[in-house]
K.L.:
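Take this structure, written in structure tokens, and hold onto it; I'll ask about it next.
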Amino acid sequence: MSPSITTSSEANGNVSAATARAAASAAASAEAAGPQPVTLAKSLNTALVDAMQADPSVLVFGEDVGTLGGVFRITDGLTATFGEQRCFDTPLAESGIVGMAVGMAINGMRPVIEMQFDAFAYPAFEQIVSHVAKMHNRTRGAVKLPMVIRVPYGGGIGGVEHHCDSSEAYYAHTAGLKVFTPATVTDGYRMLREAIDSDDPVVFMEPKKLYWSKDLVDLAALRSSYMEGTTAGRTTEGRAAVARPGTDATLIAYGPSVPTALAAAEAAALEGRSLEVIDVRTIVPFDDATVCESVRKTGRAVVIAEAHGFASVSSEIVARVQERCFHYLAAPIRRVTGFDIPYPAPKLEKYYLPGVDRILDAVDDLQWEN
Amino acid sequence: MTISADHTAREHASPVPAEDALTEAAKKFGITAEDYMLPARHQIEMVDPDGRLKPEGEQGTEPGHEYPLPGDEELLAAYEQLVVGRRVNDQNSALVRQGRMAVYPSSHGQEACQVAAALCLSDGDWMFPTYRDAVAVMTRGVDPVQVMTIFRGDWHGGFDPLKHKVGIQCTPLTTQLLHAVGVAHAAKLRGEDTVVLAMCGDGATSEGDFHEALNFAAVFHLPVIFFVQNNKYAISVPLAHQSVAPSLAHKAVGYGMAGERVDGNDVVALLAVLDRAVALAREGSGPLLVEANTYRMQAHTNADDDTRYRESAEVAEWRAKDPVNRMRAYLTDRGLLDDSVEARIAAHAEAVATQLREGLSEDVPVDPQELFRHVFAKQTPQLKEQSALLADELARDAASTEEAGK
């Protein structure tokens, strides 16, 4: 055994050496120039490659993430590129994966771990709630846990039970966790990079129905702008995005519901109604300013989420907007969410998921004068 | 298995298969891998309750499970810590009775385990203790008052885990064993020779994280010593309700690791077994499980009434096996302990007790703003708002109190 890994994580006072922020990686040189059709899966994968390239303390592990490259292929090629020490399969035990990541983060690493599916993360709940979320606070900041828990979540893929939960509220409700959820290919890259670089633990919720959606993206430019720390490249934490500007009402959505909200806005435009779409991006911390600025401007709002509505992130958003924008509101804020039922079987999920029609119905209910 | 600084490395270095490592370890002792993994037929015990060194044939050792007697210096150091540990336990229980501490889960009767757990480790090693392991944490060198902060009630913990290489005193059972596994894994990937000792009790072996931690440590072949203090009760529930395994040490073989059981009130045997376990782990033989057979002499905490679930005769039986008296008799008999050494050790113990009394009766000012300070490394706007809200509330309180005083 020769001591050979150098830890560049400065989070827990480890030796900072060889912070190899070399922009040009093997992956980069293979990329075509200019904007190309890129999937969310590919942008997440590229973010992992680049983060591992930039910082040798970044490790990836979980179930089937090694040889297979993950059941959604998000970790594809990492073991081949970085070796089995940096991307590896663990025994099939989610509490073990999270608990071991806690210890690794204590000891200078930046683990990025994968929970295979939303509902398979529940065995790790105690580790997440009692340790991941609390370690920094209980040690008065002495121990930081720079770790990312990746959770593919949500439905819309025809999955059987336990494969389609929207579990974000459990994490958002837990003090000490940051909760990110990208909705675009570009955000997939920069938000995952930012989550990995964060000294706080981040639960990174990946909308699995968007994994194969494509945008025209210049990955090399995205990488450079992230590395340079330009506004376009980073600081998505706590910053919602105006996904589509509008003037008549605000649709507030996150993760898998953002494309649905955009489709609803498109349809509304044909009927002469201008809807602004806000992509929340980071549920924790929540960007009150951007959301409220939009609602004060439009005076009407609909919150859209796949998760159950009761005691949910959507109810929190309604409460926050109502507290801050009451006198600007022309109508009560409406919600379009999943029903308060266990996630339905594949042939029934279309009745459950928020869709364009249900969103437009909610918009119609916003007490328009004419 | 090390991580190359040249992180374009493409080699697929597989972890050493567990069976190979175990065979290697077994070869050192001239026994089969099965005999290496299975605990010896009897627990390892070296000094009897009256303080007499047992004849070699009665120490529970057998081929491959032999343990050399620790050196005099180590034994004397252990005795000193035993005396200090007992004094600390009794002082803390008194402070709880006086209302100066909220609660104290005492390790009275388990001091030999506490002391050996700390003394078997080197400076670069890590320890992951439970809420009952305050004496082990102190023996590791953490300031006693800092250790007791969790029980004094002004914060959840009082020491810096990174500075002392001691995990937080963990309340959720066995969750810390996985943290120990992670620390060991990170160290191994960097090629460091860190050994990690992870502590839990008999009841905790029923928890799922116990299983996951042992399995992970074995599969990744990590230098972790799982040290189980079998003190016979999980609050009120006796061991028979937790497990019907031949012993808790026998659980090791199911994971492909070595297990051993030892008289947990015999610090000589504990040091002998743990020293060898640490050396084996450091050499790369993988994780080990050590079960210490001991007894929780007092109730779970001051809030518990142990007369509801156990007979006083049973407690008396264990009082006769006391770890401190046994060691005193043994060392005196060996001529290693005389009145002057005893007096020096007693003075040390008293000094620590005084430090605790003074440190814990001190009214430490609490800062309400600290509630928000450490939740995140990078604070959220929401917590900034809430912090301002509380500051405003307190300012108005102070103003109205001042007004009333005029």
Side-chain angles (χ1 to χ4, degrees), chain A residues 1-7 11-13 18 20 26 52-53 56 59 79-86 90-91 93 95-96 98-109 123 126-127 130-131 134-144 175-176 178 198-200 237-238 284-286 288, chain B residues 1-15 126 128 155-157 160-163 167-168 170-172 175-194 196 208-209 211-213 215-216 219-220 284 370 373-378 380-382:
Chain A
M1 260 193 217
S2 60
S4 49
I5 186 177
T6 46
T7 303
N12 284 328
M52 291 176 85
Q53 203 66 254
L59 305 174
T79 301
T81 305
F82 297 99
E84 284 188 354
Q85 288 88 35
R86 298 206 42 211
T90 64
S95 186
V98 175
M100 182 165 77
V102 169
M104 286 181 141
I106 288 173
N107 202 4
M109 297 297 189
E126 182 183 24
Q127 285 288 347
S130 294
H131 293 301
K134 291 177 180 168
M135 190 67 78
H136 191 265
N137 185 61
R138 83 180 308 289
T139 62
R140 287 178 149 136
V143 178
K144 294 180 172 56
K178 289 184 172 165
S198 168
D199 279 345
D200 287 310
E237 178 179 324
V284 182
F286 187 76
D288 288 305
Chain B
M1 144 168 127
T2 55
I3 285 186
S4 172
D6 167 18
H7 39 77
T8 55
R10 283 165 194 277
E11 60 168 304
H12 283 245
S14 291
W126 272 81
F128 280 84
W155 204 259
H156 309 295
D160 177 352
L162 299 179
K163 182 176 166 201
I168 55 171
C170 200
T171 311
T175 51
Q176 77 282 7
L177 302 193
L178 283 162
H179 308 165
V181 167
V183 165
H185 202 156
K188 182 174 175 174
L189 289 173
R190 285 196 299 264
E192 298 161 359
D193 70 348
T194 309
V196 184
D209 277 1
H211 160 69
E212 296 190 20
N215 193 44
F216 272 58
V219 167
F220 292 113
E370 198 177 3
R373 203 167 291 145
H374 315 296
V375 180
F376 294 106
K378 184 180 169 197
T380 63
Q382 284 72 25

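We name chains A, B, ... by the order of the sequence lines, and we start the count at 1 in each one. Since this is a predicted model, take the numbers as computed values, not measurements.
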K.L.:
Please evaluate residues A/Lys144 and A/Asp199 with respect to the criterion salt bridge (charged side-chain N to carboxylate O under 4.0 Å, His left out), reporting the C-alpha separation (whole Å), side-chain torsions for both, the decisive distance (0.1 Å), and the verdict.
P.N.:
CA-CA 6 Å; A/Lys144 294 180 172 56; A/Asp199 279 345; 5.6 Å; no

K.L.:
With the side chain counted from C-beta on, respond yes when B/Leu162 and B/Trp126 share a heavy-atom pair under 4.5 Å apart, and no when they do not.
P.N.:
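B/Leu162 reaches B/Trp126 side chain to side chain.
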
K.L.:
Count the heavy-atom pairs under 4.5 Å between each of B/His156, B/His179, B/Gln382 and chain A, then report the option with the highest count.
P.N.:
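Counting heavy-atom pairs under 4.5 Å, the top option is B/His179.
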
K.L.:
Report which part of A/His136 has an atom under 4.5 Å of a heavy atom belonging to chain B: side chain, backbone, both, or neither.
P.N.:
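Both parts, backbone and side chain.
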
K.L.:
Please examine the side chains of B/Glu212 and B/Val181, heavy atoms only from C-beta on, and report whether any two atoms are closer than 4.5 Å.
P.N.:
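Sidechains of B/Glu212 and B/Val181: no contact.
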
K.L.:
Which atom pair, heavy atoms only, marks the closest approach of B/Val375 to A/Ala175?
P.N.:
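The pair with the smallest heavy-atom distance is CG1-C, 4.5 Å.
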
K.L.:
Measure the spacing between CD of B/Glu370 and CZ of A/Arg140 and express it to the nearest 0.5 Å.
P.N.:
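Rounded to the nearest 0.5 Å, the CD-CZ separation comes to 4.0 Å.
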
K.L.:
Select one option (side chain, backbone, both, neither) describing which atoms of A/Ala93 are under 4.5 Å from chain B's heavy atoms.
P.N.:
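It is both, since atoms from each part get that close.
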
K.L.:
Between A/Lys178 and chain B, which part of the residue has a heavy atom less than 4.5 Å away: side chain, backbone, both or neither?
P.N.:
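Contact with chain B: backbone and side chain both.
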
K.L.:
Heavy-atom cut-off 4.5 Å, strictly under: side chain, backbone, both or neither for B/Ala213 against chain A?
P.N.:
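Contact with chain A is absent: no heavy atom of B/Ala213 under 4.5 Å.
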
K.L.:
Heavy atoms only, distances under 4.5 angstrom: which of A/Pro123, A/Gly141, A/Gly176, A/Gly103 has the most pairs with chain B? Name it, please.
P.N.:
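Looking at each option in turn, the highest pair count goes to A/Gly103.
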
K.L.:
How many angstroms lie between atom CE of A/Met100 and atom CG of A/Leu59, to the nearest 0.5 angstrom?
P.N.:
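With rounding to 0.5 Å, CE (A/Met100) is 9.0 Å from CG (A/Leu59).
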
K.L.:
For A/Ser130, which atoms come within 4.5 Å of any heavy atom of chain B: side chain, backbone, both, or neither?
P.N.:
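The answer is the side chain of A/Ser130.
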
